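All residue numbers in this chain count up from 1 along the given sequence. None of the values given here were measured: they were computed from a predicted structure.
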Amino acid sequence: MRKYDLILFDLDGTLIDTSQGIFHSVRYAEKKMGLPPADAEALRLFLGPPPTAMYKKIYGLDDAAAQKATSYHREYGKAKAVYEAVPYAGIELLLKGLREKGYRLAVATLKRQDIAEEILELCGLERYFHEIAGMDEGETYTKARIIERIIGQLGEKTSSIIVGDTVYDEAGAKEAGIAFLGVSYGFGFREGEGLCACPLDIWKYIE
């Protein structure tokens, strides 16, 4: 009897390398808002969490200004960043194999849902998922809430696991009450911190 029936995946840094598009989105928002350019270390902080929170933290913006910056961020993301995303090597093979084995698959991401759906479609991965759940327009959802939305539709907590590359994914899993599997090839965990060094390593922990 297998351990899990439903496997959730984070998007950025887990299924797809979206780093270049995210960096370019930040630079675009900086120019539109007249903000000083963030250094490389600060720029990497945008890989994972909701951008509104990062615009507040890094630039000291208030709620309204951070929302405005996020709207520019999303504007670039919708127009250009979706075309800059690249699936990690081995991801499609993994997803195809899991579907053939009868697993239910879903995406739980803090990226806005329409953008997530478009990226997955452009990368040819959308067809592997039973559900894609992302951030709402008002940027109010947490990772845990997105996970719980999927669980409510597709599975049970005890037979569900989320695969992710950051502490935000790990914390969301804990809050939602499901298992977590970390990967070290993405944005958040360094080599040795995540259990899986490449997408195909995920097999041995799921089976």
### Message
So does T18 get a backbone contact from the side chain of D12, meaning a donor-acceptor N/O pair under 3.5 Å?
### Response
no
### Message
Please check: side-chain N/O of R27 versus main-chain N/O of A38, any donor-acceptor pairing under 3.5 Å?
### Response
yes
### Query
Taking side chain as C-beta onward, heavy atoms only, is W203 less than 4.5 Å from L94?
yes
### Query
Any idea how Y185 and Y88 line up, ring-wise: parallel (<30°), tilted (30 to 60°), or perpendicular (>60°)?
perpendicular
### Task
Tell me whether V167 is reachable from F180 by hopping between hydrophobic residues (I, L, V, M, F, W, Y) whose side-chain heavy atoms are closer than 4.5 Å.
yes
### Summary
Checking E121, E117, E92 against R127 for salt bridge (Lys or Arg N to Asp or Glu O under 4.0 Å), the one that qualifies is E92
### Task
Would you name the heavy atoms of I162 and A173 that are closest together and state the gap between them?
CG2-CB, 3.5 Å
### Query
According to a 4.5 Å side-chain heavy-atom criterion applied to Ile, Leu, Val, Met, Phe, Trp and Tyr, with indirect links allowed, do V86 and L11 form part of one hydrophobic cluster?
no
### Task
Examine L93 and L105 and state if one hydrophobic cluster contains both, with Ile, Leu, Val, Met, Phe, Trp and Tyr joined whenever side-chain heavy atoms are less than 4.5 Å apart.
yes
### Query
Could you state the interatomic distance from CE (M135) to NZ (K111), rounded to the nearest 0.5 Å?
11.0 Å
### Query
Which is it for L6 and I150 under the side-chain contact (heavy atoms from CB on, under 4.5 Å) test, yes or no, and what are the steps along the way?
CA-CA 10 Å; L6 173 61; I150 295 171; 4.2 Å; yes
### L98 and I202: CA distance, side-chain angles, deciding distance, side-chain contact (heavy atoms from CB on, under 4.5 Å) verdict
CA-CA 10 Å; L98 291 172; I202 295 168; 5.5 Å; no
### Query
In Å and rounded to the nearest 0.5 Å, what is the CD1 to CG distance from I119 to L125?
11.0 Å
### Task
Give the minimum heavy-atom separation between C196 and D201, together with the two atoms involved.
CB-CB, 3.8 Å
#### Entry: L110-L45 co-clustered via ILVMFWY side chain contacts under 4.5 Å
no
### Query
Quick one: NZ on K80 to OG on S25, what's the gap to the nearest 0.5 Å?
10.5 Å
### Task
Using a 4.5 Å cut-off on heavy atoms from C-beta on, say whether the side chain of I58 contacts that of L35.
no
### Task
Apply side-chain contact (heavy atoms from CB on, under 4.5 Å) to the pair Y168 and K143, showing each step before the final yes or no.
CA-CA 7 Å; Y168 300 100; K143 194 76 172 194; 5.6 Å; no
### Message
What I'd like to find out is whether the side chain of F187 reaches to under 4.5 Å of the side chain of D17, using heavy atoms alone.
### Response
yes
### Task
Assess whether salt bridge (charged side-chain N to carboxylate O under 4.0 Å, His left out) is satisfied between E148 and R145, documenting all intermediate values.
CA-CA 5 Å; E148 288 165 351; R145 182 172 177 183; over 6 Å; no
#### Entry: Contacts of I161 that satisfy side-chain contact (heavy atoms from CB on, under 4.5 Å) - sequence neighbours left out
Y4, I7, A179, L181, I206
### Test item: Y76 and H24 side chains (from C-beta on) under 4.5 Å apart, heavy atoms
yes
### Query
Going through the distances and angles, do K68 and K32 end up as a side-chain contact (heavy atoms from CB on, under 4.5 Å)?
CA-CA 10 Å; K68 186 65 174 177; K32 298 293 282 189; over 6 Å; no
### Query
Are the charged groups of K96 and E100 less than 4.0 angstrom apart, N to O?
yes
### Closest non-hydrogen atom pair between P51 and F46, with its separation
O-CE2, 4.0 Å
### Message
Measuring from atom NE2 of H73 to atom CD1 of I22, what distance do you get when rounded to the nearest 0.5 angstrom?
### Response
6.0 Å
### Query
Shortest non-hydrogen contact from L154 to A106?
CD1-CB, 4.2 Å
### Query
Looking at side-chain heavy atoms only, is the closest gap between T52 and Q67 below 4.5 Å?
yes
### Task
Can you measure from OG1 (T70) to CE (M33) and round to the nearest 0.5 angstrom?
9.0 Å
#### Entry: Shortest non-hydrogen contact between R149 and Y141, atoms and distance
NH1-CE1, 4.3 Å
### Message
Looking at every non-hydrogen atom in both residues, tell me the closest pair between A85 and C123 and how far apart they are.
### Response
O-SG, 3.9 Å
### Query
What is the distance from atom CD1 of I115 to atom CD of E118, rounded to the nearest 0.5 Å?
8.0 Å
### Task
Taking the side chain as every heavy atom from C-beta outward, state whether T109 and I146 have any atom pair closer than 4.5 Å.
no
#### Entry: pair D5-E156: side-chain heavy atoms closer than 4.5 Å
no
### Query
By ring-ring contact (aromatic ring centres under 6.0 Å, His included), which residues pair with Y103, not counting sequence neighbours?
none
### Message
Please check if the number of heavy atoms outside K101 that lie under 6.0 Å from its NZ is greater than 12.
### Response
no
### Message
Are the side chains of M54 and Y59 in contact, using a 4.5 Å heavy-atom criterion?
### Response
no
